[in-house]
Amino acid sequence: SIDRPDLAVKLAAEDIGRLNRVAALLTADETQSELADAARQKVFDILLDKADDPDVSPSTLASLASVYAKEGQLDVAADFYRRALVADYGNVAWRLSLARLLGESGDPEQAIKECRIILRLKPNYAPAVKLIEKLSTESTSKSPNP
């Protein structure tokens with residue numbers, strides 16, 4: 001519990017990590033949901049502002065992708081993951097998140113391609129193998145019978 005939640009948000013200032021921690025703590029207290037939402041919005045605004053910077057870090061882009069994914073804006077989220085992966089091609093976690101988004105948004109072929117990249121980077125990576133199996137099964141079950 002935070003004794004002065006307003007002060008905690010103020011002290012977190014522009015530090016995304018601290019703001020996220022404060023928001024998580026505030027979310028646990030139902031009476032502070034408005035302040036928790038405000039802290040999360042502040043994080044989003046900071047990330048969005050940084051995304052326009054030509055020297056934006058890939059982790060900032062991936063964080064934005066995660067926020068958009070949670071809001072159900074899968075296409076926007078996928079675009080931010082792609083931008084992050086341009087700068088950090090071998091990030092398996094982001095690539096798997098992108099693959100899952102692509103699968104959810106109805107593009108299993110692209111999702112499987114992303115999983116295959118993961119498997120080249122990290123052979124036999126179980127989450128990628130499982131996602132390929134799931135997507136392959138789903139696409140097979142959706143195919144019309146001859």
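It should be emphasised that the depicted structure is a prediction, and the values quoted were computed from it without experimental measurement.
- Distance check: Asp107 CG to Leu74 CG gives 11.5 Å after rounding to the nearest 0.5 Å.
- When every heavy atom of Gly103 is checked against every heavy atom of Ala111, the shortest pair comes out as N-CB, 3.6 Å.
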Query raised in the report: Does the pair Gln41 and Asp37 meet the rule for a side chain to side chain donor-acceptor pair (under 3.5 Å), with working shown?
Result: CA-CA 6 Å; Gln41 183 63 46; Asp37 290 343; over 6 Å; no
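- Taken from CD in Glu138 to NZ in Lys134, the straight-line distance is 4.5 Å, to the nearest 0.5 Å.
- Across all their heavy atoms, Leu119 and Val129 have their closest contact at CD2-CG2, 3.8 Å.
- The line from OH of Tyr81 to CG of Leu96 is 9.5 Å long, rounded to the nearest 0.5 Å.
- Between Asn91 and Leu85, the closest heavy-atom pair is O-CD2, 3.6 Å.
- For the side-chain contact (heavy atoms from CB on, under 4.5 Å) with Gln110, the qualifying choice from Leu98, Leu101, Leu102 is Leu102, the only one to do so.
- Take Asp79 and apply the salt bridge (charged side-chain N to carboxylate O under 4.0 Å, His left out) test, not counting sequence neighbours, and it matches Arg82.
- Rounding to the nearest 0.5 Å gives a distance of 6.0 Å between CG of Leu121 and OH of Tyr89.
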What donor-acceptor contacts under 3.5 angstrom involve side-chain atoms of residues 51-69, with partners at least two apart or in another chain?
residue, atom, partner, partner atom, Å
Asp53, OD1, Asp55, N, 2.8
Ser57, OG, Ser59, OG, 3.2
Ser57, OG, Thr60, N, 3.1
Ser57, OG, Thr60, OG1, 2.8
Ser63, OG, Ser59, O, 2.9

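- There is no path of hydrophobic side-chain contacts, each under 4.5 Å, that joins Val76 to Trp94.
- Taking NZ from Lys122 and CD1 from Ile117, the interatomic distance works out to 16.0 Å, rounded to the nearest 0.5 Å.
- Here the straight-line distance linking atom OG of Ser105 with atom CG of Asp75 works out to 6.0 Å at 0.5 Å rounding.
- Counting only residues at least two apart or in different chains, salt bridge (charged side-chain N to carboxylate O under 4.0 Å, His left out) contacts with residues 89-101 comprise Arg95-Glu114.
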